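Just below is one structure, and these are the notes that go with it.
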Amino acid sequence: MELSKNYLPGEVETKWYNHWIEKGYFHSEPDNKPAYTVVIPPPNVTGVLHMGHCLNNTIQDILVRRARMQGMNPCWVPGTDHASIATEAKVVAMLRERGIAKSSLSRDEFLEYAWEWKEKYGGIILQQLKKMGCSLDWDRTSFTMDPDYYETVIKVFVDLYNKGKIYRGKRMINWDVKAKTALSDEEVIHKEVNSKMYHIKYKLDVPGNDYITIATVRPETIFGDTAICVHPKDDRYKHLVGKHAFVPMINRRIPIIADDYIEMEFGTGALKVTPAHDINDFNLGQKHGLEVIETLNEDGTMNEAAPMYVGKDRIEVRKIIAADLEAAGNLVKLEDYVNQVGFSERTDAIVEPRLSLQWWVDMKQLAGPALEAVMSDEIQFHPAKFKNVYRHWMDNIKDWCISRQLWWGHRIPAWYDADGNVYVAATAAAVNEKYPETKGKTLTQDADCLDTWFSSWLWPIEVFKGMSNPNNAEINYYYPTSTLVTAPEIIFFWVARMIMAGEEYMGKIPFKDVYFTGIVRDKQGRKMSKSLGNSPDLLGLIDQYGADAVRFGIMIASPAGNDLLFDESTLEQGRNFNSKLWNAAKLLKMWEPRISGEGKVEQDAAFAMDWFQAKLSATQIEVDSMLKEFRLSEALKTIYGLIWDDYCSWYLEWIKPGFEQPIHADVYNKSIEFYDSLLQLLHPFMPFITEELHHALKTQTQDLCVKEYETIEKVDEAVLNAGALLKNVISTLRDARNKNQIKPKESIDLHIQSENNTAYQTIQNILAKQVNAKSVAYTNTSVGSSIVVALEKDKFYLVADQAIDTASLKENLLKDLEHQKGFLASVDKKLNNEKFVQNAKPEIIAIEQKKKADALARIQTIEESLAQL
RNA sequence: GGGAGCAUAGCUCAGUUGGUUCAGAGCAUCUCGUUUACACCGAGAGGGUCCGCGGUUCGAGCCCGUGUGCUCCCA
């Protein structure tokens, strides 16, 4: 097969992906081989591929492809998450564009639109993963609202309720005014915001015209104030405790109370207490038996509690209230202030604390075994630092608010009778059966849906129908899964809860290793986000550079445990690597017509082959151990260096036949074999080009994708060292040529002075070729009018036609001499130190003595060279 | 406010229980070079008081203390 001038990724990628699918390589069925199971973190059904997915799925594909080539039975399950809030928001927006208000639709009508939307636009992201080469088992594509999955979620709710681990309660929750739903704590993102601190004075209900001043960043909440609180030890306010004050503008009379919760140094030391709209104030209110006055409607507008602002949004009121307070004479001052404000993860609306009746999971009961599994390393986190983060959260775990005021999702299986009694069971019929007293009564189902994560925490179980069809062959074979690859941001949302669900419902951990990827940032270190517009178009990049180059670029820049600073130049590096691979194959193929089977392999070529075999084995071992430790980026770098430097720059040059000369069949075949091993090693990282070249090299019986790794050959250390010496000599001599301005084309005569000539004789042809020497000779004495180079204990004389710059040669030698002498002095200092000799281990002392002997020998060599100048 | 982590070449990072030849790699930089795989290239080079200070030790990039700066998580 003839290779084109350049590698063209586009066609090659489509061709091989289709081929792999046709062959069914990615499909897994339980068998006798060990399973290697990975479940994809299900992207939102509304999602499109971004850099985070790209990193995450490339890593998973590397692990899965490698497992496949190691003879395991890998199963990588794709799927999507219904993403309740995000999807419902998209559907509502789509309806609005068509002029349909959600409020004008019944629940069923709305859901019909939602499903229609999901079928049409959902799962685009899965198609995009194919572009990247992901070896997912498409026959297993799952969705968190598939019928079985849906039933399982409901079953789990009922079960936890029956066990007393789910309850309904009125609590302070995070309210998303845009989506008009409750949010869990994890769905609130705290950001630093520039605000204003309003100092507002409240008239005291005492004779005279006295005031008490409070400081707040949320002045619109004053309408919900039901007390003012000061510290009991605060001398400024002691006399006011037990008295009353009036809320500005509405003149409602509220008590002044004392509590040591107050920080005297903060603000004015007096706190307005608004139990309905702040969690701390709520707790304070409970403690002191204060009234709770709500001032907000569901959509964040003010209600009748603020008569002059009814229907206006709270943020808008915050802006205009200053003037009104000022007019009323209650505004003391305004100052700039930076504070933390909670935003909705999904809608970016400012979250309002709100008192509300919601469903909760009692997390304390579930946390125990899940914490233990990680602390005991039954589940290993990579990097391990996330163990601490995990423990901290589990130790301080709060109950999980799971109800969402949405229609898209799993509807809560709770029914209410006319008196407001609650009955929990999977269906209305099941309610009647379980609670006979409900028969004949009109029951209304809870209108709310469950938090999206209440379904995703069952993902590793239910993708194998582990709950809807317990103990089936697949769940028994594939569960627990092997490795979970995910972003650290969802350690609490998802990872922790999957562990809980696994322990609760399977009695077993859901995965053995968790690999946390870094966060994808731009060149300046800013997180990639839609609002910053710094996310590149991934499909465009794949078109431009090829999928392999994108995978390479992203992996080479992702040090284990660190964030990824995305820079397009690494994709360029990936593309250049593609070219390098392509050209090396072209070179090999060029030699094919010149194969000759005659005679013996020349000794320098034999050396080159032995050396590369040793280098290859050593690197395979190294890569193996790196991958075991999930050091993927380093493993890729190592393979890159092996291919580019050791194979292309050294090995191929060493065995390269002269102009139009034949190549020995053994050398040719061995070189092809080496190259195929390199492609195999690289395949998990860059699957397309490696498969293409694997087939381009020669007729293959097997696709690379499923070709199992062979046992690694034993490393011949002696040959490895000999190769290292050869490389060192070549570089040193080339440097000497460069420094003496000998033109590359000009050949030299090389004389070697060494105690070990045989070491050089086997490699002298390579040496001659690589430093452009027309002759190599061995000598016992110095060679006149030559460039002298000292390396270790050996000396090399380069004889060239042109005049020699003795002065600079001498300068270099003197510099080296000084260097060596300084080194000798430091070694001597150590050896003459009695304490060192007494305390250091014998092998360390032996090393120091060898250092000394070597340094002395080198100094002698240099001095001799100097004497000859 | 609580917790976790980081600080090594211009950039991004390695550096295994403190001790192999004066700290390594990739990228970037500089010099030379179009020799028939590759300029998406080759050859070579330069570049670091390992954040500051103090301590332990015969010996510290690595251990301890402290200061400074940065990042993330939680409240």
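Given the structure is predicted, the values throughout are model-derived calculations rather than measurements. A note on names: the letters A, B, ... follow the listed sequences, proteins ahead of strands, and every chain is numbered from 1.
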Taking the same atom, [atom1], in [N] and in [M], what whole-Å distance lies between them?
| N | M | atom1 | answer |
| --- | --- | --- | --- |
| G1(B) | G46(B) | P | 49 Å |
| U49(B) | C11(B) | P | 12 Å |
| C72(B) | G15(B) | P | 23 Å |
| G48(B) | C41(B) | C1' | 29 Å |
| C30(B) | G24(B) | P | 24 Å |
| C40(B) | A28(B) | P | 12 Å |

Check every strand shown and say whether [X] touches a base, only sugar-phosphate, or nothing at a heavy-atom separation below 4.0 Å.
| X | answer |
| --- | --- |
| Glu653(A) | base |
| Lys656(A) | base |
| Arg521(A) | sugar-phosphate |
| Ala584(A) | base |
| Ser633(A) | nothing |
| Arg734(A) | sugar-phosphate |
| Tyr640(A) | sugar-phosphate |
| Thr638(A) | nothing |
| Asn6(A) | nothing |

Taking the side chain of [X] as heavy atoms from C-beta outward, which of [options] is closest to it?
| X | options | value |
| --- | --- | --- |
| Lys580(A) | C38(B), C58(B), G33(B) | C38(B) |
| Leu565(A) | U12(B), G2(B), G5(B) | U12(B) |
| Gln573(A) | G26(B), G19(B), A45(B) | G26(B) |
| Met590(A) | U35(B), A37(B), A43(B) | A37(B) |
| Lys385(A) | C13(B), G15(B), G5(B) | G5(B) |
| Trp650(A) | A14(B), G3(B), G44(B) | G44(B) |
| Trp644(A) | G26(B), C41(B), A45(B) | C41(B) |
| Phe492(A) | A4(B), A43(B), C73(B) | C73(B) |
| Asp735(A) | A37(B), G33(B), A45(B) | A45(B) |
| Cys648(A) | A37(B), C13(B), C40(B) | A37(B) |

(request) Would you kindly compare Asn583(A) and Ser569(A) by the position of their nearest RNA chain B nucleotide and give the one closer to the 5′ end? (result)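 The residue closer to the strand's 5' end, by nearest nucleotide, is Ser569(A).
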(message) On RNA chain B, does the nearest nucleotide to Lys745(A) precede the nearest nucleotide to Asp563(A) from the 5' side, or the other way round? Give the residue.
(response)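 Going by which nucleotide is closer to the 5' end, it is Asp563(A).
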(request) Report the relative orientation of the aromatic rings in Tyr7(A) and Trp582(A); use parallel for angles under 30°, tilted for 30 to 60°, perpendicular for over 60°. (result)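 Correct class here is tilted.
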(request) Describe, in one word, how the ring planes of Phe630(A) and His382(A) are oriented to each other, choosing from parallel (under 30°), tilted (30 to 60°) and perpendicular (over 60°). (result)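 Tilted: the ring planes of Phe630(A) and His382(A) meet at 30° to 60°.
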Look at [X] and [N] and indicate whether a side-chain polar atom (N or O) is within less than 4.0 Å of OP1 or OP2.
| X | N | result |
| --- | --- | --- |
| Asn562(A) | A14(B) | yes |
| Asn578(A) | C40(B) | no |
| Ser579(A) | C41(B) | no |
| Asn388(A) | G5(B) | yes |

Donor-acceptor side-chain pairing of [X] and [Y] below 3.5 angstrom:
| X | Y | answer |
| --- | --- | --- |
| Asp259(A) | His231(A) | no |
| Lys586(A) | Asn583(A) | yes |
| Tyr651(A) | Ser671(A) | yes |

For [N], the Watson-Crick or wobble counterpart (both distances under 3.5 Å):
| N | value |
| --- | --- |
| C27(B) | G10(B) |
| G47(B) | none |
| G42(B) | C32(B) |

(message) I need the minimum non-hydrogen distance between Ala367(A) and Met394(A), along with the two atoms involved.
(response)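 Distance-wise, the nearest heavy atoms are O-CE, 3.9 Å.
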(request) Flag the pair Ser775(A) / Leu750(A) as yes when at least one side-chain heavy-atom distance between them is below 4.5 Å, and no otherwise. (result)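 Answer no - side chains too far apart.
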